[in-house]
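Working notes for the structure below.
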Amino acid sequence: MKQTIKRIAAVARMTMSDIIRQKSFIVLFIIAVLFLLLVRGCWGMKMNVNGQVMSGGKFALQILQTVFFVISSMVMFIAGLLAMRLFRRDRDEGMQAFVLSKPVTRLSYITCKVGGLVLIMTAFMFLLHGAILIIHFLHAGEVTAGYLAASSMSVLNVLFAVLAVSLLSLLIPEIFAFLAAFGVTALAFIFDGIAAATRSSAVQSILSQSGAQAAGLDSLTWWKVVYWIWPKAGTLGANAASLIDPTAVIAVNDMLIPLVSMAVYCIALAVLVVIKFDREEIV
């Protein structure tokens, strides 16, 4: 048992070490650092609002929420890119056959590969979120209590991206797997944006004045079905960003539904990855 645990731990270490050494990860990390350097000026910028010049500090919380959401989405995108060759890379290099020739089960191998990537990307995301929080604190002099919870919620989106791309990469070429997975994710963000817009008082007022139905998506049965079945990646990201604002009021259902939706999708995708990989021929 000790030898098996050591081998599983070795696979996890190899996975994380391999990800960190990849040129693509290094390039993406540099881009993320440059992004931080660029956005830090947002807190000190000047803007004209109704003829009055106001500093970015007046909108510090809104800037923090926006940058937080952008970083979470960016890390999710990077995680999907790295997941494209998560299994194929080991197979091409013969590492997959070597590892599985040892007393390491396929389930343990999958857990180490997926878990290693998710851990690396989670640490990467926490690092970026922490850097932005420090920048916000230096300009606004405050730290929001819900920031850690917001950052933790975003991990589900990262896990979803890794599992979705990993599963599809076992079925179709890697680039198409990535495009398909993020096509679904992009539609999730679009659906959530449409739903939020149609429920706003301003849009409903415009629709009512034009004589149209102002009930939004809820008045269309097929839209309602698609909206509730589709992964709530966008809603989860928006709710996570909303937690940063201590004055925000979020209904329990509005918070639980996206969490449950993404958790169910992650579990289902994990099961499908295990089933599909278990049927793969290892050469």
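Quick caveat, the model's predicted, so the values are computed rather than measured. Any value given below was found using the heavy atoms of this structure, including those in side chains, with hydrogens, waters and symmetry copies removed.
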To the nearest 0.5 Å, what is the distance between CD1 on Ile275 and CG on Leu170? 12.0 Å
Does some side-chain heavy atom of Phe124 sit less than 4.5 Å from a side-chain heavy atom of Leu28? no
Could you state whether Trp230 and Val260 fall into the same hydrophobic cluster, counting links through intermediate Ile, Leu, Val, Met, Phe, Trp or Tyr residues with side-chain heavy atoms under 4.5 angstrom apart? no
In Å and rounded to the nearest 0.5 Å, what is the CG to CE distance from Leu243 to Met255? 4.0 Å
Determine the minimum heavy-atom distance between Ile244 and Ala150, stating which atoms define it. CG1-CB, 4.1 Å
In Å and rounded to the nearest 0.5 Å, what is the CG to CG distance from Leu64 to Asp245? 10.0 Å
Do Thr185 and Pro231 touch side chain to side chain, with heavy atoms closer than 4.5 Å? no
Considering all heavy atoms, the nearest Ser151-His129 contact: OG-ND1, 2.8 Å
From CA spacing to verdict: side chain to side chain contact (heavy atoms under 4.5 Å, CB included), Leu168, Phe176: CA-CA 8 Å; Leu168 291 173; Phe176 294 114; over 6 Å; no
Between CD1 on residue Ile26 and CZ on residue Arg21, distance to nearest 0.5 Å: 9.5 Å
Closest heavy-atom pair and its distance - Asn157, Gly237: ND2-N, 4.0 Å
So which of Ile30, Leu81, Ile120 actually passes side-chain contact (heavy atoms from CB on, under 4.5 Å) with Phe25? Ile120
I'd like to check Cys266 versus Leu156 (side-chain heavy atoms, cut-off strictly below 4.5 Å). Are they in contact? yes
In the structure I gave you, are the side-chain heavy atoms of Val114 and Phe87 within less than 4.5 Å of one another anywhere? yes
Under 4.5 Å between side-chain heavy atoms, counting indirect links through other Ile/Leu/Val/Met/Phe/Trp/Tyr residues: same cluster for Met121 and Val33 or not? yes
Does the side chain of Asn239 reach to within under 4.5 Å of the side chain of Pro258, using non-hydrogen atoms? yes
Quick one: CE on Met84 to CG on Leu179, what's the gap to the nearest 0.5 Å? 8.5 Å
Chi angles and distances behind the side chain to side chain contact (heavy atoms under 4.5 Å, CB included) call for Ile71, Leu36: CA-CA 9 Å; Ile71 287 176; Leu36 289 179; 4.2 Å; yes
Look at Arg106 together with Glu280 and state whether they make a salt bridge at an N to O cut-off of under 4.0 Å. no
Could you tell me whether the side chain of Thr66 and the main chain of Gln62 form a donor-acceptor pair under 3.5 Å? yes
Here the pair of heavy atoms bringing Ala32 nearest to Met74 is CB-CE, 4.1 Å
Tell me whether Lys276 contacts the main-chain N or O of Val274 through its side chain, where contact means a donor paired with an acceptor under 3.5 Å. no
Between CE on residue Met14 and NZ on residue Lys113, distance to nearest 0.5 Å: 7.5 Å
Answer with yes or no whether the hydrophobic clustering places Leu171 together with Ile110; edges join I, L, V, M, F, W, Y residues whose side-chain heavy atoms lie under 4.5 Å apart. yes
Side-chain heavy atoms nearer than 4.5 Å, only ILVMFWY residues, links allowed to pass through others: does that put Leu119 and Ile20 together? yes
Can you check whether Phe98 reaches Asp90 side chain to side chain, under 4.5 Å on heavy atoms? no
Checking Phe77 against Ser73 for the side chain to side chain contact (heavy atoms under 4.5 Å, CB included) test, could you report, in this order, the C-alpha distance in whole Å, the side-chain angles of both residues, the deciding distance, and whether it holds? CA-CA 6 Å; Phe77 180 83; Ser73 303; over 6 Å; no
Look at the rings of Phe68 and Tyr147 and say which category their plane angle falls in: under 30° parallel, 30 to 60° tilted, over 60° perpendicular. perpendicular
Please examine the side chains of Val39 and Ile132, heavy atoms only from C-beta on, and report whether any two atoms are closer than 4.5 Å. yes
Looking only at non-hydrogen atoms, find the nearest pair between Glu281 and Arg91 and report the distance. O-NH2, 3.2 Å
Is there a side chain to side chain contact (heavy atoms under 4.5 Å, CB included) between Phe160 and Leu236? Walk through the geometry before answering. CA-CA 12 Å; Phe160 172 79; Leu236 184 66; over 6 Å; no
Hey, does Ile31 have a side-chain heavy atom less than 4.5 Å from the side chain of Val27? yes
Expected output: side-chain Arg88 to main-chain Ser169 donor-acceptor under 3.5 Å: yes
Can you name the nearest heavy-atom pair linking Ala233 to Met76, along with the distance? CB-CE, 4.2 Å
Passing candidate, side-chain contact (heavy atoms from CB on, under 4.5 Å) with Leu159, options Thr122, Leu269, Val118, Leu117: Val118
Take atom CZ of Phe182 as the centre, draw a 6.0 Å sphere, and report whether it contains more than 12 heavy atoms from other residues, nucleotides or ligands. yes
Same cluster or not: are Leu133 and Leu38 linked, directly or through other Ile, Leu, Val, Met, Phe, Trp or Tyr residues, by side-chain heavy atoms under 4.5 angstrom apart? no
